[in-house]
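All values below were derived from every heavy atom in this structure, side-chain atoms included, with hydrogens, water molecules and symmetry-related copies excluded.
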2 protein chains.
Amino acid sequence: MTRTVFEKADVVPLLAEVFREFGYEGATLNRITERTGLGKGSLYHFFPGGKEEMAATILAEVDDWFVRNVYAPLESGEPRAAIARMWKEVDAYFRSGRRICLVGAFALDATRDKFAAAIRVYFARWVAALASALRRAGVAPDKAAAEAEAAVLGIQGALVLARALNDEKVFTRALTRLARDLSLPKRSPSSRSTKKGTL
Amino acid sequence: MTRTVFEKADVVPLLAEVFREFGYEGATLNRITERTGLGKGSLYHFFPGGKEEMAATILAEVDDWFVRNVYAPLESGEPRAAIARMWKEVDAYFRSGRRICLVGAFALDATRDKFAAAIRVYFARWVAALASALRRAGVAPDKAAAEAEAAVLGIQGALVLARALNDEKVFTRALTRLARDLSLPKRSPSSRSTKKGTL
DNA sequence: GCTGGTACATACCAATCGGTACAGGCGCGC
DNA sequence: GCGCGCCTGTACCGATTGGTATGTACCAGC
């Protein structure tokens, strides 16, 4: 009857959490099987390429999530709403600092060299998308680029510090500061201001 | 002939680089021996507690370095000079973004739980020391605390992003921005009471 | 010259690593 | 029904893990 139809898609989130928690080297097959409930047979059925394919799949899935929920809106949506949404999504995605950024963690150790392209693209696109939104909101191009970089890097730093101090309020505070520090011009004439709650 | 009298102190920096590069789990005894040139015999002679003692020693050594070169000056030296020195030391220590922060890296994965106290103290004292300097330079206490947190977290984020994009200019730029964003009051003999320390 | 602590290499250990082989169990088309 | 093919558990592989035991070269004090 209700077969536990396990699809690759169901495993990926579980898998992601293991890599997030232990890092690439620390995510042993043992821990993976016990956390996903899948034996090696299933694991290697879904991911013939082994650990590396698992990590690559997760990286792609994470990237895809950010493209859909963050980058794409920033690139083509109404800029202020998109930026507001970004802060909201980021806070939710990282569980207010209780969860870390897999891509950022991979970037720090030798794992980076294995997934260099994916890691670079993830961050480059984030910065570029945010800069695009800022420009379209009226910020000068060079200023937009600098502020986008500062915001993205601030999020990563906030994750590090929040985990180091084991205090999620650090993350929440940082997000508030980062949002405030974006120099979005006042939106005077238009009456679009009462549309969506902008953080 | 050339006797190499190796002391523990000589090994620690080599050791630190291995942990920095591969993370705690990734730093295998094999890699450690080949990078330090010391066999397991020597390693376990210096560090009877094994890998964990090696990492703990490194953590303590890093902390000590920061206390001497950054925190102590911030806490008791002339605040502006101390802050200026901090930026200089940080840029040099992290090799303009080519080197990562061991403590920050440990904070991200499950390694944190092994060294929770050391990691927390490292960052807590950094933030506290910087906040102290800011206050003594005339910044309001709550503002000083917020800005200190933002600066420290910004450094960590800059390290992540610089490595992710493999572009050390990201780090240098970030440091410049972070230094600029500290709202140090103007220091002319007759101080202009500008609230924002713009550059 | 003996002795004892220090510094180091080597061989070895059980456990675990990532990965493979294989024998089914199971649901679905027939 | 039946068989085929997608899942999945298990046994197993060689290599490597962190760690230990043993042996030895070296120097200092006596």
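- Separating the CZ atom of Phe46(B) from the C1' atom of dA9(C) is a distance of 14 Å, rounded to the nearest angstrom.
- In this structure Phe115(B) satisfies the ring pair (Phe, Tyr, Trp, His ring centres under 6.0 Å) test together with Tyr24(B), Phe106(B), sequence neighbours excluded.
- Pairs engaging residues 44-63 of chain B under the side chain to side chain donor-acceptor pair (under 3.5 Å) rule: none recorded [sequence neighbours left out].
- Under the rule for a ring pair (Phe, Tyr, Trp, His ring centres under 6.0 Å), Phe171(A) has no partner lying at least two apart in sequence or in another chain.
- Residues satisfying the side chain to side chain donor-acceptor pair (under 3.5 Å) criterion with Ser183(A), sequence neighbours excluded, are Glu147(A).
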Check nucleotides 14-20 of chain C against the protein and report each pair of N or O atoms closer than 3.5 Å, with its distance, or say if there are none.
residue	atom	partner	partner atom	Å
dC17(C)	OP1	Thr28(A)	OG1	3.3
dC17(C)	OP2	Asn30(A)	ND2	2.7
dG18(C)	OP1	Lys51(A)	NZ	3.0
dG18(C)	OP2	Leu29(A)	N	2.6
dG19(C)	OP2	Tyr44(A)	OH	2.6
dG19(C)	OP2	Lys51(A)	N	3.1
dG19(C)	O5'	Tyr44(A)	OH	3.2
dG19(C)	N7	Lys40(A)	NZ	3.3
dG19(C)	O6	Lys40(A)	NZ	2.1

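- Here His45(B) reaches the OP1 or OP2 of dA7(C): one of its side-chain N or O atoms lies under 4.0 Å away.
- The salt bridge (charged side-chain N to carboxylate O under 4.0 Å, His left out) contacts involving residues 106-117 of chain B comprise nothing, where partners must be two or more places apart or lie in separate chains.
- Put simply, CG on Leu43(B) is 11 Å from C1' on dG18(D), counting in whole angstrom units.
- Salt bridge Glu17(A)/Arg95(A): absent, no basic N to carboxylate O contact under 4.0 Å.
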Please report, to 0.1 Å, the donor-acceptor pairs under 3.5 Å made by any side chain of residues 116-132 of chain B, with sequence neighbours excluded.
residue	atom	partner	partner atom	Å
Arg125(B)	NE	Glu75(B)	OE2	3.2
Arg125(B)	NH2	Glu75(B)	OE1	3.1

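- Annotation: salt bridge (charged side-chain N to carboxylate O under 4.0 Å, His left out) contacts of Asp91(B) (sequence neighbours excluded): none.
- Annotation: proximity of residues 109-117 of chain B to DNA chain D (heavy atom, distance under 4.0 Å) is found for no residue.
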